[in-house]
Peer 1: 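One structure follows; several queries about it will come next.
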There are 2 protein chains.
Amino acid sequence: MVTVTALARTAALVGDPARAGMLAVLMDGRALTASELARAAGVTPQTASGHLAQLTEAGLLAVARQGRHRYHRLASPAVARMLEGVMAVAAGPGPVPAAPRRGPRDAALREARTCYDHLAGRLAVAMADALVARGAVELEADGGAVTPAGEDFLRGLGVDLAAAARTGPARRRVFCRPCLDWSERRPHIAGTLGAALLATCLDHGWLRRIEGSRAVAVTPGGRLALVRAFGDGLGGPCGDA
Amino acid sequence: MVTVTALARTAALVGDPARAGMLAVLMDGRALTASELARAAGVTPQTASGHLAQLTEAGLLAVARQGRHRYHRLASPAVARMLEGVMAVAAGPGPVPAAPRRGPRDAALREARTCYDHLAGRLAVAMADALVARGAVELEADGGAVTPAGEDFLRGLGVDLAAAARTGPARRRVFCRPCLDWSERRPHIAGTLGAALLATCLDHGWLRRIEGSRAVAVTPGGRLALVRAFGDGLGGPCGDA
DNA sequence: GCGCCGCTTCGGCCGGGTCCGAAGCACGAG
DNA sequence: CTCGTGCTTCGGACCCGGCCGAAGCGGCGC
C-alpha cells in the first residue's frame with residue numbers, strides 16, 4: 001500500500017512540537033505571517049521557515065503573498081478535521097479533567113473563541129445545548145441534523161441556510177457536525193451550520209473578533225440578542241442572570 | 001495550552017512508519033496479536049513490542065490477554081476517526097489518482113473490505129450511491145441523514161436502526177457519516193449506520209470475512225440479495241450484468 | 001516437570017531530523 | 001538608488017528515537 005508511508009509522513013508533520021504549535025494556532029481559521037507563527041511555536045524565524053515549507057509542500061498549509069508578507073493558513077477543512085481528530089484522541093477518554101487552569105489569561109478563550117470556521121467555548125456549547133433543547137437540532141457522536149422546525153427558527157435568526165446548503169432545498173437537514181470542545185469537553189456545532197452561525201453572529205455585530213487572539217467578545221447588544229434568541233444560558237461567563 | 005504538547009505526542013505516535021503500518025492494519029476493526037502486527041509493520045517482534053506498549057499507554061490501542069496471546073485493537077472509534085482524517089489529508093486533494101495499481105493482489109480489497117466497523121471499497125461506494133439515488137439517505141461533506149422513507153427501506157432489509165439509535169425513536173435520522181474511500185476517492189457510509197449495514201450483511205450471510213485480510217467476499221446468495229435490494233450497481237467487480 | 005513459544009526488557013549502535021548562526025534574496029519605503 | 005525588513009537557504013552540531021541481538025518472564029502442551 002502506498003498510503004501507509006504517506007500516512008506516516010503526514011502524521012509525522014503534525015508530530016513535531018513546533019509544527020503542532022503552528023497548526024494549533026491556525027485552527028482559528030485566520031492567516032498568519034511566518035514571524036507570528038515562529039513566535040507562537042517558540043522557534044527562530046529560520047527554523048519556522050523550514051517547517052512552513054514542509055507543511056505547505058505536503059498540502060497542509062496554503063500561502064498567500066501580500067506585499068512582503070506571506071500569510072499562511074490551513075489549506076482545507078479536511079486539515080482542520082484531521083487536527084480535531086488528533087486533539088480528540090490526545091485529550092484522552094477522561095470526561096472530566098477537573099478545573100485544570102483558571103488563569104484569567106485564557107478566561108476569554110474559554111468563554112468564546114473561533115475553531116477554524118465556527119464557534120467554540122462555553123458560549124458555543126451553551127448555544128448547542130439551547131438548539132438541542134428547543135428541538136431545532138439533533139446531535140449525535142457521528143453527526144447532527146437540523147429539524148424542519150429548526151430550519152424556521154434559524155432562518156428567523158438570519159442564518160443563511162441556503163448558502164450552507166449548496167445542493168438545493170431538498171436536503172437541508174444535514175450540514176451539522178459535532179466538534180468536541182477542549183475546554184468544556186462537550187460537543188458544540190461545527191460543520192457548515194457552525195460556520196453559518198458564526199458568520200451570522202459576526203454580521204449582526206453580536207460578536208466581535210479580538211485582535212491577535214482566537215477569542216471573540218460578546219457585544220452588549222449581542223448579549224441581549226443572544227439571550228433573547230437562545231435563553232439565559234447564553235448570558236455570561238459566570239451566569240450573571 | 002497543555003494540549004499542544006499532547007497533540008504533537010499523539011501525532012508523533014502515528015508518524016512513525018512502523019506504528020502507522022500497525023494502525024492501518026487495525027483499521028479493519030479486528031484484534032491482532034503482536035507477532036502479526038510485527039510482520040505487518042516489517043519489524044522484529046521486540047521492536048513491535050515497544051511500539052505497541054507506547055500506543056497502548058497513549059490510549060490508542062486496547063489489549064485483551066487470551067492465553068499466551070495478546071490481542072491488540074484500536075481503543076475507540078475516535079482513534080479510527082483520527083486515522084481516517086489523517087489518511088484523507090495524506091491522500092491529497094487530487095480527486096483522480098489515475099489507475100495507480102491494478103495488481104490482482106489487492107483486487108479483492110478494492111472490491112469490498114472493512115474499514116474499522118463498516119464497509120469500504122467499490123461495493124460500499126455503490127451501496128452509498130444507490131441509497132442516495134433512491135432518496136433513502138442524504139450525504140454531504142459534513143454529515144449525512146436517513147430520510148423517513150429511508151428508515152422504512154432499511155428496516156425492510158433487516159437493518160437494526162433501533163440498535164443504531166440508542167437515544168430513542170425521536171432522532172433516528174442522524175447516525176450517518178461520510179468516509180472518503182482511499183481506493184475509489186468517493187464517499188461511502190460510515191458511522192453507526194455504516195456499522196449496522198455491515199452487521200446486517202454479515203448476519204444475512206451476504207458477505208463473508210476473508211481470513212487474514214481486510215477483504216470481504218460476496219456470497220452467491222448475497223450477490224442476488226444485494227442486486228435485488230440496491231440495483232445492478234452492486235452486481236460485480238467489473239459489471240457482470 | 002520439562003521444553004516450546006509468544007512476548008517483553010535491556011544495551012548499544014546508528015541514522016534522520018531539528019535547531020540555530022550567518023549569509024543571501026525579494027520587496028517596499030524614503 | 002540605497003537602506004531596512006521579512007523571509008529563505010546553507011552549513012554544521014546536537015540529540016532524540018528506532019532498530020536489532022541477547023537474555024528474562026509467563027503460559028501451554030506433551
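Here is the naming used below: chain letters follow the sequence lines, and residue numbers restart at 1 for every chain.
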Peer 1: Just jot down the side-chain contact (heavy atoms from CB on, under 4.5 Å) partners of A:Val125, sequence neighbours excluded, or say none.
Peer 2: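 Residues passing side-chain contact (heavy atoms from CB on, under 4.5 Å) with A:Val125: A:Asp129, A:Asp181, A:Glu184, A:Arg186, A:His188.
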Peer 1: Do any side-chain atoms of residues 73-92 of chain A form donor-acceptor pairs under 3.5 angstrom with protein atoms, and if so which ones, sequence neighbours left out?
Peer 2:
residue, atom, partner, partner atom, Å
A:Ser76, OG, A:Ala78, N, 3.3
A:Ser76, OG, A:Val79, N, 3.4
A:Arg81, NH1, B:Asp142, OD1, 3.4
A:Glu84, OE1, A:Arg177, NH1, 3.0

Peer 1: Taking side chain to side chain donor-acceptor pair (under 3.5 Å) as the definition, give me every residue that meets it alongside A:Asp16, ordered by chain and number, with sequence neighbours left out.
Peer 2: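 If we apply the side chain to side chain donor-acceptor pair (under 3.5 Å) test to A:Asp16, skipping adjacent residues, there are no hits.
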Peer 1: Between B:Arg68 and B:Ala18, just flag the one whose closest nucleotide in DNA chain D comes earlier from the 5' side.
Peer 2: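 Closer to the 5' end of DNA chain D: B:Ala18.
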Peer 1: C:dG15 P sits how many Å from B:Asp16 CG, rounded?
Peer 2: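 That distance rounds to 17 Å.
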Peer 1: Heavy atoms within less than 4.0 Å of DNA chain D: which residues of residues 42-52 of chain B have one? Give them sorted by number.
Peer 2: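 By residue number: B:Val43, B:Thr44, B:Gln46, B:Thr47, B:His51.
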Peer 1: Evaluate the side-chain proximity of B:Val14 to A:Val14: yes if any heavy-atom separation is below 4.5 Å, no if none is.
Peer 2: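 The answer is no; the side chains never approach within 4.5 Å.
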Peer 1: Please list, chain by chain and in numerical order, all residues satisfying side-chain contact (heavy atoms from CB on, under 4.5 Å) with B:Arg208, sequence neighbours excluded.
Peer 2: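 Here the qualifying residues are B:Ala217, B:Thr219.
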Peer 1: Just jot down the side-chain contact (heavy atoms from CB on, under 4.5 Å) partners of A:Gln54, sequence neighbours excluded, or say none.
Peer 2: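 Result, side-chain contact (heavy atoms from CB on, under 4.5 Å) vs A:Gln54: A:Arg9, A:Leu13, A:Arg19, A:His51.
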Peer 1: By a strict heavy-atom criterion of less than 4.0 Å, which residues belonging to residues 69-76 of chain A are in contact with DNA chain C?
Peer 2: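 Under 4.0 Å from DNA chain C: no residue of residues 69-76 of chain A.
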Peer 1: Output all residues satisfying side-chain contact (heavy atoms from CB on, under 4.5 Å) with B:Pro17, sequence neighbours left out; order by chain, then residue number.
Peer 2: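 Scan of B:Pro17 (side-chain contact (heavy atoms from CB on, under 4.5 Å), adjacent residues dropped) gives A:Ala8.
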Peer 1: B:Arg9 CZ to D:dC16 P: how many Å, rounded?
Peer 2: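 Computing the B:Arg9:CZ to D:dC16:P distance gives 14 Å.
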Peer 1: For residues 55-64 of chain A, which residues have at least one heavy atom under 4.0 Å from DNA chain C?
Peer 2: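 Nothing qualifies; none.
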Peer 1: According to side chain to side chain donor-acceptor pair (under 3.5 Å), who are the partners of B:Thr33, at least two apart in sequence or on a separate chain?
Peer 2: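 Side chain to side chain donor-acceptor pair (under 3.5 Å) check on B:Thr33 returns B:Glu36.
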Peer 1: Can you find a pair of side-chain heavy atoms, one from A:Leu226 and one from A:Met127, that are under 4.5 Å apart?
Peer 2: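 The answer is yes; the side chains approach within 4.5 Å.
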Peer 1: Give B:Glu36 one of three labels, base, sugar-phosphate or nothing, depending on what nucleic acid heavy atoms sit under 4.0 Å from its own.
Peer 2: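 Here B:Glu36 touches no strand at all.
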Peer 1: Given atom CZ of B:Arg65 and atom C1' of D:dG26, what is their separation to the nearest angstrom?
Peer 2: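 Taking CZ of B:Arg65 and C1' of D:dG26, I get 8 Å after rounding.
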Peer 1: At 4.0 Å (heavy atoms only), tell me whether B:Arg19 reaches a base, stays on the sugar-phosphate, or touches nothing.
Peer 2: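 Answer is sugar-phosphate: B:Arg19 comes under 4.0 Å of backbone atoms only.
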Peer 1: Please table the atom pairs, donor to acceptor, closer than 3.5 Å between any side-chain atom in residues 196-206 of chain B and protein atoms at least two apart or in another chain.
Peer 2:
residue, atom, partner, partner atom, Å
B:Thr200, OG1, B:Ala196, O, 2.8
B:His204, NE2, B:Leu157, O, 3.1

Peer 1: Who pairs with B:Asp117 by side chain to side chain donor-acceptor pair (under 3.5 Å), at least two apart in sequence or on another chain?
Peer 2: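 For B:Asp117, no residue satisfies side chain to side chain donor-acceptor pair (under 3.5 Å) once neighbours in sequence are set aside.
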